[in-house]
Structures are given as C-alpha cells and as structure tokens.
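Counting convention: from 1, in listed order, for ligands and their atoms alike.
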Amino acid sequence: MATGTEPSPLTGDSTGVHDASRAAIGPRHLRTDRWWLAPAVTAAGLLAFVVYSTWRAFANADYYHAPYVSPFYSPCLADNCAAMRHGPNADVFGSWWGLSPALLILIFPLGFRLTCYYYRKAYYRGFWASPPACAVAEPHKKYSGETRFPLVLQNVHRYFFYFAVVVAGILTYDTALSFRDEHYRWGHMGLGSLLFLINIALIWTYTLSCHSCRHIIGGRLRHFSKHPVRYRLWGWVGKLNERHMLLAWASLISVALADFYVYLLSTGAFDDPRFF
Ligand code: FES
C-alpha cells in the first residue's frame, strides 16, 4: 500500500524496481520465455532502415526515373533536384542549396515516425532497454519518463501529424503521376505504379491510424450522439488504430522498397515491366 513517502518513479528518484520498498527478488526477472527476441528484432529492423535511409538521403543521386520519383525525395524543393519536371516540385530553395534535396523534406516523415507512440515504445525497448520487455527490470537507475527535457519534446507528435498528412497528399499525387509514361503521357502502368499504389495505401492507413488523428477526430466531445459523423469516422480510425504497429512496419518497408525500386531503375539495373 502506498504510504505517500516512497520516491516517485516520475520524479526520477528511482525506477521502482530498484526501490528499497520492493520485494527482495534476486533474479532480474522471472520470465522464462525468449522475451529478448522482440526487442532484438525490433532494434535490428529499425537499424537496417536507419542505415538504408541515411545512405539514400545523402546519396543525392538515382532518385528519379520517369515517371517515378523516390518518396525520399518528394516533394523536390531545391533547384538541384533531378525531378523538377515531375510534378509537385517547387524551387523554394534556389541554386545555393548544394546538398541532397532529400535532406529538406525527410525531417517531416522522420519526425512523424520518431515521435510516433508505437516507435517510441519500439526504440525505448530495442535501443535503450527502458524497459527491454514487460516484467523485465531496466538497467537504468533513474526514470523521469517523458515529463522532462528532452523526451518531453515527444509531444510535438500531434504537429508532425499535420505535416504527415501533407506529405501523404504529395505522395498520392506522385502515385497518380506514376500512371504516365516516360514522355509524360497518361495511360501507363508499370510494376513501379503498382508498388507506388501499395506504398501510398500503407502510408495513408498508417497516418490515419495515428493516435493523434484518433484524438483529433473523436476527442474533446461530450456526446458522441450529437456528432454522428465524427463518431462514425472515429470508429473507422479506431479500427485502423488497433493495427498501428503492423501498419507502422508495413509502411516503413514499403517506402524503402519504393525508393529502392526507383534506385534500380535509375541505375539501369532493372527495367520497369509494363502492364499497359
Ligand atoms: S501514434 Fe504512431 S503515427 Fe501517431
């Protein structure tokens, strides 16, 4: 029973599991299953994506092959972008910008994912072991949660959500443009168009399954009965929200695959098979 004198986990005095008031259990945990597998696989998957996306973002090459532009480089905001003729591009950053155009735009999808509730859990467990798994004590002596700097900044997630919607809209436009041929005539569909279609479906379902989106749609209401449309939308978004982890991974893989496909076409390693 709480006496009111124990150090609070949220004040950073103790993680609770190292607290003197806890039962004196010798082992670090009592789990007998392979509890380390999930955080290990998560860490490996996230690390692979970080390595791949860093390489591609700094490559500043092989991100456009008509009619496809890599999602890592869209929208192109710099004069030096190879896809300036493609579609939703703006020469916001003039010729003075000499670095990769991807660096101008990746901050938004990256910020959205880094602050995502699911990814937070994933990398806290996978990389910081905080905690590594349910009922397994973390190695850290103190815990201040997300109530202090720098982790309190995770609260910007709801704002990244708005940017993510804009980026998803632009990628939708890119997907529509992928149904043109290399001469910008409509009526083309290649394997790339199909990959882009799958990717944008996953990007949208991941974005709409966001906890912030669910709150924006259904939060701050006293009576759902007086807001039937919002209630209906909230129900749909709630169904997606149940699959948020799955959609987070599926969209992460699909966006990397879409980029890699453009890379293969652009380097001449592969020809885009055409359906019509
Ligand atoms: S909670 Fe995961 S994207 Fe918002």
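- Under the 4.5 Å side-chain heavy-atom criterion for grouping Ile, Leu, Val, Met, Phe, Trp and Tyr, Leu46 is connected to Tyr206 within one hydrophobic cluster.
- Looking at every heavy atom in both residues, Val262 comes nearest to Tyr64 through CG1-N, 3.7 Å.
- The distance cut-off of 2.8 Å around atom 4 (Fe) of ligand 1 captures these protein N, O or S atoms, sorted by chain and number: His157 NE2, Cys210 SG.
- A disulfide bridge connects Cys76 to Cys81: their SG atoms sit within less than 2.5 Å of one another.
- Between the side chain of Arg113 and the backbone N or O of Ala248 there is at least one donor-acceptor pair closer than 3.5 Å.
- Phe275 meets the side-chain contact (heavy atoms from CB on, under 4.5 Å) test with Met189, Leu191, Leu194; sequence neighbours excluded.
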Can His65 and Ser266 be said to form a side-chain hydrogen bond (donor to acceptor under 3.5 Å, both in side chains), step by step?
CA-CA 5 Å; His65 184 87; Ser266 181; 5.3 Å; no
